[in-house]
Number of protein chains: 4
Amino acid sequence: MNNRLTIADKTFNSRLFTGTGKFSHNQLMEEALLASGSELVTVALKRVDVQNEQDDILKHLNHAQFHLLPNTSGARNAEEAVLAAQLAREALGTNWLKLEIHPDPKYLMPDPIETLKAAEQLVKLGFVVLPYIHADPVLCKRLEEAGTAAVMPLGSPIGSNKGLKTVDFLEIIVEQSNVPVVVDAGIGAPSDAAKAMELGADAVLVNTAIAVSPNPIDMGKAFKMAVEAGRLAFEAKLAQTSTKASASSPLTAFLFDEE
Amino acid sequence: MNNRLTIADKTFNSRLFTGTGKFSHNQLMEEALLASGSELVTVALKRVDVQNEQDDILKHLNHAQFHLLPNTSGARNAEEAVLAAQLAREALGTNWLKLEIHPDPKYLMPDPIETLKAAEQLVKLGFVVLPYIHADPVLCKRLEEAGTAAVMPLGSPIGSNKGLKTVDFLEIIVEQSNVPVVVDAGIGAPSDAAKAMELGADAVLVNTAIAVSPNPIDMGKAFKMAVEAGRLAFEAKLAQTSTKASASSPLTAFLFDEE
Amino acid sequence: MNNRLTIADKTFNSRLFTGTGKFSHNQLMEEALLASGSELVTVALKRVDVQNEQDDILKHLNHAQFHLLPNTSGARNAEEAVLAAQLAREALGTNWLKLEIHPDPKYLMPDPIETLKAAEQLVKLGFVVLPYIHADPVLCKRLEEAGTAAVMPLGSPIGSNKGLKTVDFLEIIVEQSNVPVVVDAGIGAPSDAAKAMELGADAVLVNTAIAVSPNPIDMGKAFKMAVEAGRLAFEAKLAQTSTKASASSPLTAFLFDEE
Amino acid sequence: MNNRLTIADKTFNSRLFTGTGKFSHNQLMEEALLASGSELVTVALKRVDVQNEQDDILKHLNHAQFHLLPNTSGARNAEEAVLAAQLAREALGTNWLKLEIHPDPKYLMPDPIETLKAAEQLVKLGFVVLPYIHADPVLCKRLEEAGTAAVMPLGSPIGSNKGLKTVDFLEIIVEQSNVPVVVDAGIGAPSDAAKAMELGADAVLVNTAIAVSPNPIDMGKAFKMAVEAGRLAFEAKLAQTSTKASASSPLTAFLFDEE
């Protein structure tokens with residue numbers, strides 16, 4: 001199957017990455033993530049008790065198919081992010097990292113300057129860096145040049161469930177990127193995930209929309225199918241849109257015209 | 001499985017209805033429709049040679065899972081549509097009918113007046129009528145009152161692939177309808193189909209987007225998955241959208257704040 | 001000035017039609033409508049006390065520039081609308097009529113069937129009929145053929161302030177119509193009114209957005225300017241949109257390239 | 001009049017800033033800019049012949065109401081931008097500067113890293129800096145902290161005329177900014193400019209949409225009115241949108257109900 005996704009040293013069958021926040025309890029999280037088929041799961045350093053080997057959340061993520069992607073959520077600048085990354089690497093035994101730096105507590109929009117600065121340092125420190133950023137095509141290029149393993153532009157503000165509000169910019173990013181593009185944040189429904197894939201994203205990361213659904217397990221399954229549908233449609237290529245209508249049933253003449 | 005769809009006397013496992021126009025050849029059509037899992041397939045009377053038992057298109061639709069839904073595409077008024085319906089019933093041996101009346105050859109927008117008039121007559125003549133109409137909530141109610149088995153409001157002009165341009169009105173229709181709502185026309189991508197299902201449509205009808213894709217078979221599969229994903233998400237219930245961001249990773253404090 | 005608008009026997013300098021509902025008091029309504037420059041003002045029959053010559057609302061509309069456009073708001077079918085129209089003509093001394101028929105009290109979506117039926121009767125009875133309808137291109141043509149003086153397709157549900165949710169259909173209506181197209185309902189901001197004019201509407205009707213603004217007088221002025229701006233842009237013709245960026249400052253080379 | 005706009009040491013009656021590129025000839029540019037009422041006009045350093053006192057474009061901008069805003073269009077990094085800024089200050093006798101850095105010639109998306117770096121230097125060198133940037137709320141805060149006189153987030157890619165594709169982010173920027181917010185790039189129609197003003201932008205910068213219209217003079221006037229309309233609506237405050245319809249004409253009962 002040639003449509004698997006490779007990032008750095010790992011290859012994924014699933015293009016649906018997931019997050020672990022906001023679930024009502026960890027057992028439900030575990031079942032929903034299993035249902036989603038996700039193979040890359042992000043977890044906030046703050047939520048992991050690094051002193052405690054039996055830390056509850058990690059126990060629930062202890063499945064062969066789950067690769068952990070620690071994130072630096074809560075870091076306000078490059079220095080904090082680099083420190084958090086090092087703690088995470090030690091605690092979780094992985095050099096993969098979702099780099100998140102957002103100084104503003106209200107909208108959690110990422111900081112482009114600090115993110116690039118931290119990315120440059122973390123790449124040198126041997127991390128596989130997946131930076132969460134605004135849908136900024138130039139910033140994506142600079143991160144790629146700095147050696148990040150992917151770029152993670154946002155669809156809309158984190159947790160807003162507003163969907164893809166950055167389509168015009170995501171299209172430019174997809175066109176120009178030489179590393180995988182993972183659309184992160186704002187995806188509120190399976191249709192949003194499908195659309196991101198249809199426009200050529202390599203993967204999506206979904207958390208809130210699954211976690212706060214009244215039925216996270218079924219919602220995990222729904223996202224799984226939608227991501228696969230969107231990817232398949234991208235590979236099969238969508239038809240063009242047109243301004244005029246065009247009959248599906250060939251209308252060379254009206255039904256009872258004499259021909 | 002309690003989420004099957006029943007219309008009149010038939011129950012469907014698949015909520016993806018399909019059309020048969022615009023495929024480059026009938027063999028490809030057959031394979032794409034099989035891949036889509038569709039169980040209700042619309043066919044234009046004009047494309048069926050009613051004199052010829054070996055008519056090619058019907059031969060390709062001769063599968064147990066395919067129910068035929070003849071349509072009156074090309075009819076300009078109620079009279080033509082009723083006549084076409086009767087010919088179709090005789091030729092194809094089914095009283096199911098997709099009622100389409102569009103006097104304008106450019107945009108093929110349906111005629112609300114003639115459609116209601118024809119629907120009233122056809123219901124009396126024993127047809128199971130599925131009328132193709134604008135996303136007009138009042139017209140939908142009147143058709144329902146006239147006895148149609150479903151309503152088929154459009155997403156955007158036929159064949160435009162523009163997607164769901166009528167969401168605000170589809171939501172009202174779904175809320176008010178007592179018969180199944182099938183979104184027809186304009187669905188250009190699996191994400192559009194998923195979105196229609198997420199907002200509560202009972203099914204979608206797709207033709208152009210599958211038929212004119214460079215790879216109709218895979219596109220048929222993609223739509224199949226997207227429709228299932230959208231339906232599952234509808235049943236699981238989507239999370240609310242919100243204006244403010246909300247961290248997936250609980251951010252009660254910044255990462256290195258003293259607590 | 002050749003861009004004045006003529007409907008039936010009247011010519012208007014202003015392409016902003018207004019409504020009289022929802023103002024906190026009639027004095028404020030009067031001032032806001034004067035500020036808006038509107039020359040055609042719709043008033044619900046129910047709000048006019050036809051027995052009372054000193055009826056308050058009419059006193060406030062007693063300005064030379066205001067032409068009254070009685071409407072049949074509250075009518076549920078053609079019969080009620082025709083009766084209301086006749087009462088209005090007698091009470092207000094005008095044969096102009098905004099025909100509104102909406103059987104559903106929740107969304108107030110218009111009824112296409114009853115509206116056409118009433119329009120046919122009212123035209124025969126000598127009324128100048130401006131029907132309020134869904135943005136349905138075929139219905140617009142049928143009303144035009146029935147002799148209505150204009151068509152009034154909606155932008156979004158009445159009073160929703162959602163703006164222009166029917167752009168794809170308004171464009172078809174504008175392209176095909178031989179009578180003036182007045183976009184009615186849903187216009188929530190001056191930018192919506194400007195956009196309706198830019199796409200070729202002949203006029204807009206605004207009520208709620210002015211009446212419920214904290215400052216109806218200034219909002220009336222703002223709509224006046226926006227409508228004029230949109231019309232002027234339509235006449236001057238908008239530039240095309242393009243997918244790629246294109247520097248406003250000619251960028252034949254980068255700034256310090258050697259040439 | 002208390003709604004004038006002050007940036008640094010200048011106060012403007014007009015909130016419409018304009019550009020000088022793409023006009024078919026300079027005489028037409030002059031007339032269109034005069035018609036627009038604009039008081040701040042951006043000009044690319046490359047287009048000014050700094051050796052020639054009679055430089056044609058400057059002659060056409062020699063009006064008391066026009067303040068010049070040299071821009072660094074074509075600069076690929078901070079170093080080039082700072083050099084260009086110094087040349088512009090010397091040549092044009094103004095320390096105002098529109099800072100533009102876009103390394104990518106196809107979409108001309110701005111570089112957040114180099115823009116902040118150049119802004120920091122230019123502020124220290126005594127420039128009044130107005131940086132052109134993506135609609136990135138965190139970057140806007142950092143530029144403000146660096147001492148820029150305003151921020152100029154984009155609506156959509158330069159010259160695309162696609163309108164406001166960044167509304168969700170512009171709203172955050174407007175809410176958080178302590179310096180004026182000028183929406184720049186992508187504004188393709190007066191309705192777009194009105195909408196930017198309605199959501200609280202302090203000004204807009206328009207170039208392509210005026211310059212490439214078949215009638216730039218009238219289009220300049222149309223933008224003037226639209227900007228004023230949008231600002232007035234912002235000050236008067238827009239009404240809320242709502243999901244349900246709400247009759248403009250109070251519909252306590254249907255028209256012929258017995259009460």
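A, B, ... follow the sequence lines: proteins, then strands. Residue 1 opens every chain. Just so it is clear, the structure is predicted and the values come from calculations on it, not from any experiment.
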### Query
Is a donor on one side and an acceptor on the other found under 3.5 Å between the side chain of C:Ser213 and the backbone of D:Leu238?
no
### Query
What is the distance from atom CG of D:Leu232 to atom CE of C:Met225, rounded to the nearest 0.5 Å?
5.0 Å
#### Entry: Choice from C:Ala189, C:Ser156, C:Gly163 maximising heavy atom contacts with chain D below 4.5 Å
C:Ala189
### Message
Tell me whether the count of non-hydrogen atoms from other residues, nucleotides or ligands lying under 6.0 Å of NZ in D:Lys98 goes above 12.
### Response
yes
### Message
So which atom in C:Ala233 and which in D:Met219 form the shortest heavy-atom distance, rounded to 0.1 Å?
### Response
O-CE, 3.6 Å
### Message
Please report the interatomic distance NZ(C:Lys224) to CD(D:Glu228), rounded to the nearest 0.5 Å.
### Response
11.5 Å
### Query
Can you check whether D:Ser191's main-chain N or O pairs, donor with acceptor, with C:Glu198's side chain at less than 3.5 Å?
yes
### Message
I need the residue from C:Ala229, C:Gly186, C:Pro216 with the largest number of non-hydrogen atom pairs under 4.5 Å to chain D.
### Response
C:Ala229
### Task
Specify which of C:Ala211, C:Ala222, C:Ala194 makes the most heavy-atom pairs with chain D at under 4.5 Å.
C:Ala222
